[in-house]
Engineer: 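Take this structure, written in structure tokens, and hold onto it; I'll ask about it next.
As the structure is a computational prediction, the values presented were derived from the model and not from experiment.
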Amino acid sequence: MQDFAEAFRLAFTLVLSGDPDLLEIIGLSLRVSLSAMLISCAFGLAIGATVAVLRFPGRGAVIVLMNSLMGLPPVVVGLVVYLMLSNAGPLGFLQLLYTPTAMIIAQSVLITPIIAALSRQVLEDLYSEYAEQFRSLCVPTHTAIGALLWDARYSLLTVALAGFGRAVAEVGAVIIVGGNIAHLTRVMTTAIALETSKGDLALAMALGMVLLTIAILVNASVMALRSTAARYAYA
């Protein structure tokens, strides 16, 4: 119990003192996850909006596939990206394996289906309200999509935050393609796993506190955005 209490004390000390190693790991984690979120939003929102508005043969199967891919196993994503980026893979010449870029790619592949599926549902529900008006005014498809994206911006921000929360908590995919290399590819989740296995509970707990704080802030932001969206909707 004394060792456990001492570990907690040291963890708080590391957080409050701004330990350089701790800040480096946190900074890399945020940089990787935010980059993955932005990339995933660029692709995911475009896919979600297109499927929400257009009607085409096989659309139902596409929606089923999008929803199914939300549950992609992270280690499978990591394995596929590893095979693509390895020296024997088609993208091996880029030499991206065991770099932050590889981790961004893995996280992007993991959360793009989440953002695409959730945004598709949000935009399709909104489109059902405006579809008749769009048709009566002969609004082009790309204009309709732009209007829907703007009108649903608060809800889509919650979708983006959900993707970020999933990315920053990821460990399986990033450790496969990143390798958990100190001062290069070590992020919060992989560092927690490593430090716990080494018995360095202080650093692991400090990183866990930061990760938990980020999770709370993300969820609080989602709730605030939902409240804002509801307020503007009924204003």
Side-chain angles (χ1 to χ4, degrees), residues 32-74 76-77 80-81 84 90-91 101 103-170 173 215 217-235:
V32 168
S33 297
L34 285 171
S35 299
M37 183 194 73
L38 293 174
I39 293 170
S40 297
C41 284
F43 289 98
L45 292 179
I47 295 170
T50 301
V51 176
V53 173
L54 297 182
R55 298 296 182 266
F56 51 87
R59 180 175 178 273
V62 171
I63 293 175
V64 170
L65 179 62
M66 288 170 61
N67 292 335
S68 300
L69 291 177
M70 290 178 67
L72 270 175
V76 174
V77 172
V80 171
V81 175
M84 295 291 291
L91 301 178
T101 302
M103 299 161 69
I104 292 172
I105 293 172
Q107 288 191 1
S108 299
V109 172
L110 187 65
I111 66 174
T112 294
I114 297 175
I115 292 177
L118 293 179
S119 63
R120 193 277 310 170
Q121 186 62 61
V122 169
L123 295 172
E124 186 170 331
D125 292 342
L126 188 61
Y127 181 66
S128 64
E129 301 178 16
Y130 293 111
E132 186 174 344
Q133 185 176 3
F134 284 153
R135 284 194 295 268
S136 65
L137 296 174
C138 298
V139 176
T141 301
H142 67 277
T143 304
I145 289 176
L148 291 173
L149 288 172
W150 176 253
D151 200 38
R153 59 192 181 279
Y154 293 109
S155 296
L156 294 177
L157 279 174
T158 67
V159 171
L161 286 173
F164 172 75
R166 179 68 183 87
V168 78
E170 171 51 34
L217 290 175
V218 167
N219 281 280
S221 300
V222 168
M223 292 182 64
L225 285 169
R226 284 178 178 171
S227 299
T228 302
R231 187 165 61 250
Y232 275 96
Y234 296 102

Engineer: OG/Ser155 to CD/Gln121 distance, rounded to the nearest 0.5 angstrom?
Structural biologist: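 With rounding to 0.5 Å, OG (Ser155) is 11.5 Å from CD (Gln121).
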Engineer: To the nearest 0.5 Å, what is the distance between CD1 on Ile63 and CG on Asn67?
Structural biologist: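 Reported value, rounded in 0.5 Å steps: 7.5 Å.
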Engineer: Once rounded to the nearest 0.5 Å, what's the spacing between atom CD1 of Ile111 and atom CD of Glu170?
Structural biologist: 10.5 Å
Engineer: Side chains of Leu45 and Leu123: closer than 4.5 Å at any heavy-atom pair?
Structural biologist: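 Heavy-atom side-chain distance check fails, nothing below 4.5 Å.
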Engineer: Nearest 0.5 Å please: distance from the CG atom of Leu161 over to the SG atom of Cys41.
Structural biologist: 9.0 Å
Engineer: Compare every heavy atom of Tyr127 with every heavy atom of Val53, then report the nearest pair and how far apart it is.
Structural biologist: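 Nearest pair, atom of Val53 first, then Tyr127: O-CE2, 3.9 Å.
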Engineer: I need the full list of salt bridge (Lys or Arg N to Asp or Glu O under 4.0 Å) pairs touching residues 137-147, with sequence neighbours left out, sorted by first then second residue.
Structural biologist: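 Pairs touching residues 137-147 that pass the test: none.
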Engineer: How about Met84 and Pro90: do any of their side-chain heavy atoms sit closer than 4.5 Å?
Structural biologist: yes
Engineer: Would you indicate whether the side-chain heavy atoms of Leu118 and Ile114 approach each other to under 4.5 Å?
Structural biologist: yes
Engineer: Please find the pair of heavy atoms, one from Ser119 and one from Leu156, that lie closest to each other, and give the distance.
Structural biologist: CB-CD2, 3.7 Å
Engineer: Tell me which pairs pass salt bridge (Lys or Arg N to Asp or Glu O under 4.0 Å) where either residue lies in residues 43-71, with sequence neighbours left out.
Structural biologist: Arg59-Glu124
Engineer: Is there any side chain to side chain donor-acceptor pair (under 3.5 Å) pair reaching into residues 128-145, and which pairs are they, with sequence neighbours excluded?
Structural biologist: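 Applying side chain to side chain donor-acceptor pair (under 3.5 Å) to every pair that reaches into residues 128-145, excluding sequence neighbours, yields Tyr130-Asp151.
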Engineer: Taking side chain to side chain contact (heavy atoms under 4.5 Å, CB included) as the definition, give me every residue that meets it alongside Ala169, ordered by chain and number, with sequence neighbours left out.
Structural biologist: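 Expected list: none.
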Engineer: Would you confirm whether Arg166, through its side chain, and Gly163, through its main-chain N or O, come within 3.5 Å as a donor-acceptor pair?
Structural biologist: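 It does not hold such a pair.
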Engineer: Tell me whether Thr112 contacts the main-chain N or O of Val109 through its side chain, where contact means a donor paired with an acceptor under 3.5 Å.
Structural biologist: no
Engineer: Among residues two or more places apart or on two chains, list those pairs meeting salt bridge (Lys or Arg N to Asp or Glu O under 4.0 Å) that have a residue in residues 38-52.
Structural biologist: none
Engineer: How far does CD1 of Ile47 sit from OG of Ser40, to the nearest 0.5 angstrom?
Structural biologist: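 Here the interatomic distance stands at 9.5 Å.
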Engineer: Over all heavy atoms of both residues, which pair between Ala173 and Ala106 is shortest? Give the atoms and the distance, please.
Structural biologist: CB-CB, 4.2 Å
Engineer: For Gln107 versus Ala36, what's the shortest heavy-atom pair and its separation?
Structural biologist: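 For Gln107 and Ala36, the tightest heavy-atom pair comes out as CB-CB, 3.5 Å.
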Engineer: For Ile39, check side chain to side chain contact (heavy atoms under 4.5 Å, CB included) against everything at least two apart and list the hits.
Structural biologist: Phe43, Ile104, Ser108
Engineer: Roughly how far, to the nearest 0.5 Å, is the CG atom of Leu110 from the CD1 atom of Ile105?
Structural biologist: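 Going from CD1 on Ile105 over to CG on Leu110, the span is 13.5 Å.
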Engineer: Taking all heavy atoms of Leu126 and all of Ala152, pick out the closest pair and write down the distance.
Structural biologist: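 So the two residues come closest at CD2-CB, 3.8 Å.
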